[in-house]
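Heads up: the structure comes next, in structure tokens.
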Amino acid sequence: MSAESVSVRRGLYADSVTLMQMSRDLGHADGVTAALVAMATDLNLDVLRDLGFSQPETTSANDLVIAVRAHDEKTLVAAIAAAERLFDARQRDQGVEDDRRVPPRTMSAAIRAAGPGVAVISIPGQHAFTEAMDAVESGCDVHLFSDNVTVDQEVVLKEAARQRGLLVMGPDCGTSVIGGIAVGFGHTVEPGPVGIVAASGTGAQQVMCLLDTAGVGISDVLGVGGRDLSEAVGGRSTLTALTRLEADDRTELIMVISKPPSPSVAERLRVFSAGLRKPVEFALLGYDGSDLTAATERVLVRLGAPVPVWPSWIAPTKPVAGAVRGLFCGGTLCEEAILVATPRLGRIRSNIPLPFDGPLGPSLRAPGHVMIDFGDDALTRGRAHPVIDPTLRNQFLKVALTDAATGVVQMDVLLGHSAHPDPVGELVPLIVGAPRPIVVTLVGARRDPQDLGSSAYRLRSAGASVFTSNAEATRYAVSLATADAAR
């Protein structure tokens with residue numbers, strides 16, 4: 001008979017990556033059948049319920065929950081003891097190392113000790129603004145990985161940086177490459193002539209990897225956050241980034257990537273870019289009807305580089321008429337899929353507030369076509385980004401594959417540094433023998449640590465059709481769901 005325990009550590013915080021790793025380590029222990037170590041946010045309590053655990057009596061989002069289920073009481077006690085040891089070790093690591101060395105406790109103190117540069121900030125969003133302002137006022141550019149920062153705070157932060165000639169990358173900046181060093185989610189790509197300004201992390205990753213496939217490298221990738229081209233923020237960081245790349249001798253051509261921007265801000269950027277010496281290619285989703293693959297091909301043509309056939313690995317499959325269920329770790333890839341699919345499918349419900357799609361409630365379930373961005377702010381409070389921990393997305397995959405209304409499941413898999421060390425390994429057991437076709441966008445560079453070729457082969461062998469172009473993957477998924485796939 002199985003045994004389980006749900007305990008609460010009051011007021012103990014640990015970052016979502018650490019908690020994900022602990023959950024995985026506990027879950028893989030011999031005799032443990034389920035484990036969750038997470039902050040007690042509403043979303044994580046829902047996951048706890050979905051795993052069949054009882055709910056703790058009283059919690060706040062500042063409390064930490066440890067839930068373990070095991071084959072027997074002895075295994076359960078050993079697993080809980082292991083979790084307690086890990087937390088005790090973490091608390092010791094956060095303490096003073098010795099009597100002579102006290103680590104800096106503020107951003108400004110760290111900058112005084114090390115000198116100005118790029119401050120990388122990845123802490124809960126409610127605290128990120130204070131640290132980012134501290135860094136800007138101390139003379140640093142900022143890479144702000146944190147999400148859940150308000151728009152008003154973003155405007156204040158970026159205006160303060162603009163007045164000092166500094167660059168704020170973010171908030172919710174998933175990807176940057178600065179001087180050849182990847183910050184956030186990155187790929188192993190060659191240096192080259194293309195400088196990228198990206199208001200979207202996975203959009204930049206898709207373009208970087210397509211360029212890598214074509215044998216073209218990048219100079220810098222300057223992420224500016226998904227709201228930078230909104231009316232409220234006004235492109236403040238994008239304008240600064242364009243100026244930086246204009247002055248960079250390594251950059252021959254600049255590419256600007258964004259989710260659907262404010263039309264007035266997009267026009268402001270076009271006017272500004274027309275005054276630059278270097279050519280600028282825009283990939284603004286929803287603005288001109290093109291997709292990221294088409295925009296990348298335009299860049300290759302402007303550089304005089306050949307446009308390759310984008311690799312794909314098609315699995316034998318039978319089209320199944322029904323709904324497309326898109327389950328994405330990447331918000332930009334999700335938006336691109338919606339934009340590409342809507343002319344054929346009509347209404348698509350999503351948690352992304354595109355003006356022409358249908359609303360999707362907090363359950364993230366609805367009849368008809370659905371595409372979900374699991375990296376949305378509302379789904380990452382108290383848990384790691386799905387590129388790091390795809391657990392929630394994979395739970396929805398199980399449901400979609402058993403839903404009789406599902407025609408095809410479309411999803412993305414992102415390789416590279418800081419991503420899950422083996423995202424394909426997490427997916428393959430769910431894909432093998434699936435009753436519905438699965439179409440995967442595999443975003444990775446040729447020299448990424450997870451091995452692009454091997455990852456594609458494993459997915460294809462499990463029965464998925466794999467594409468390196470998200471736009472091409474979407475068109476294929478739509479063709480399967482409308483039961484007219486080209487043989």
Side-chain angles (χ1 to χ4, degrees), residues 200 202-214 257 283 285 290-297 307-317 319-320 322-345 348 350 352 369-375 386-387 390 393 397 400-401 406-416 423-424 427 431 434 436-445 452-453 455-487:
S200 54
T202 53
Q205 290 179 263
Q206 166 79 127
V207 170
M208 287 170 63
C209 293
L210 291 175
L211 288 172
D212 181 71
T213 298
I257 303 169
L285 293 180
S290 68
D291 54 63
L292 296 176
T293 302
T296 304
E297 291 172 352
V307 177
V309 175
W310 305 113
S312 61
W313 300 260
I314 309 298
T317 188
V320 179
V324 174
R325 302 291 163 82
L327 309 176
F328 290 89
C329 297
T332 305
L333 300 179
C334 184
E335 293 203 23
E336 182 183 40
I338 293 172
L339 291 163
V340 170
T342 294
R344 286 286 305 279
L345 298 181
I348 299 173
S350 178
I352 296 174
H369 305 297
V370 173
M371 293 192 178
I372 303 171
D373 168 21
F374 286 93
V387 173
R393 194 269 294 271
L397 172 61
L401 289 175
T406 300
V408 60
V409 174
Q410 182 181 357
M411 57 201 312
D412 55 358
V413 173
L414 288 103
L415 309 180
V424 172
L427 275 179
I431 293 175
R436 299 288 186 274
I438 298 175
V439 179
V440 174
T441 300
L442 182 62
V443 179
L452 176 65
S455 295
Y457 174 78
R458 291 161 65 199
L459 287 166
R460 165 62 179 75
S461 298
S465 293
V466 184
F467 293 78
T468 51
S469 161
N470 187 57
E472 291 185 359
T474 303
R475 294 186 183 100
Y476 185 71
V478 169
S479 72
L480 288 175
T482 53
D484 64 352
R487 295 294 189 266

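The figures here come from the full heavy-atom set of this structure, side chains too, leaving out hydrogens, waters and symmetry mates. Just so it is clear, the model here is predicted, and its values are computed rather than measured. The first residue of the sequence shown is numbered 1, and numbering continues consecutively from there.
- Residues satisfying the side chain to side chain contact (heavy atoms under 4.5 Å, CB included) test with Ala341, not counting sequence neighbours, are Leu345, Ile348, Met371, Thr474, Val478.
- The line from CG of Leu292 to CD of Glu297 is 11.5 Å long, rounded to the nearest 0.5 Å.
- Scanning both residues, Cys209 and Ala445, for their nearest heavy atoms gives SG-N, 3.5 Å.
- The minimum heavy-atom distance between Leu415 and Pro423, with the atom names listed, is CD2-CG, 3.9 Å.
- Here OG of Ser469 is found 7.0 Å from CZ of Arg475. Values are rounded to the nearest 0.5 Å.
- Contact check for Leu210 versus Trp310: side-chain heavy atoms found under the 4.5 Å cut-off.
- Here Gln205 contributes atom CD and Leu333 contributes atom CG; the two are 8.0 Å apart, rounded to the nearest 0.5 Å.
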Passes side-chain contact (heavy atoms from CB on, under 4.5 Å), Ser350 versus Ile338? Steps please.
CA-CA 9 Å; Ser350 178; Ile338 293 172; 3.6 Å; yes

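- Applying the salt bridge (Lys or Arg N to Asp or Glu O under 4.0 Å) rule to Arg436 yields no partners; only residues at least two apart in sequence or on another chain are considered.
- In this structure, CD1 in Ile431 is found 5.5 Å from CG in Leu459, a value given to the nearest 0.5 Å.
- Scanning all heavy atoms of the two residues, the minimum distance from Ala204 to Ile257 falls at CA-CD1, 4.0 Å.
- Residue Leu339 comes nearest to Pro343 through the heavy atom pair O-CD, 3.4 Å, listed as atom of the first residue, atom of the second, then distance.
- In this structure, the side chains of Ile352 and Cys334 come closer than 4.5 Å at one or more pairs of heavy atoms.
- Two residues are said to be in side-chain contact when any heavy atoms from C-beta on lie closer than 4.5 Å; Arg344 and Val324 fail this criterion.
- Of the options Val207, Asp373, Leu285, a side-chain contact (heavy atoms from CB on, under 4.5 Å) to Thr332 is made by Leu285 and by none of the others.
- Pairing each heavy atom of Leu414 with each of Cys329, the nearest pair is CD1-CB, 4.1 Å.
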Step by step, would you call Phe467 with Ser312 a side-chain contact (heavy atoms from CB on, under 4.5 Å)?
CA-CA 4 Å; Phe467 293 78; Ser312 61; 3.7 Å; yes

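- Side-chain atoms of Thr406 come within 3.5 Å of backbone atoms of Ala400 as a donor-acceptor pair (strictly under, hydrogens ignored).
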CA sep, side-chain torsions, deciding dist, call: Ile438, Leu401, side-chain contact (heavy atoms from CB on, under 4.5 Å)
CA-CA 9 Å; Ile438 298 175; Leu401 289 175; 3.9 Å; yes

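- Each salt bridge (charged side-chain N to carboxylate O under 4.0 Å, His left out) pair with one or both residues in residues 323-342, not counting sequence neighbours, appears once here: Arg325-Asp403.
- To the nearest 0.5 Å, atom OG of residue Ser461 and atom CH2 of residue Trp313 are 12.0 Å apart.
- Here the shortest heavy-atom pairing between Val466 and Ala456 reads CG2-O, 4.1 Å.
- In this structure the side chain of Asp412 never reaches within 4.5 angstrom of the side chain of Val443, judged on heavy atoms.
- Looking at Asn470 and Thr293, their side chains never come closer than 4.5 Å, going by heavy atoms from C-beta outward.
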Worked check of side-chain contact (heavy atoms from CB on, under 4.5 Å) between Thr317 and Val408
CA-CA 11 Å; Thr317 188; Val408 60; over 6 Å; no

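- You'll find the side chain of Thr202 stays beyond 4.5 Å of the side chain of Phe328, heavy atoms only.
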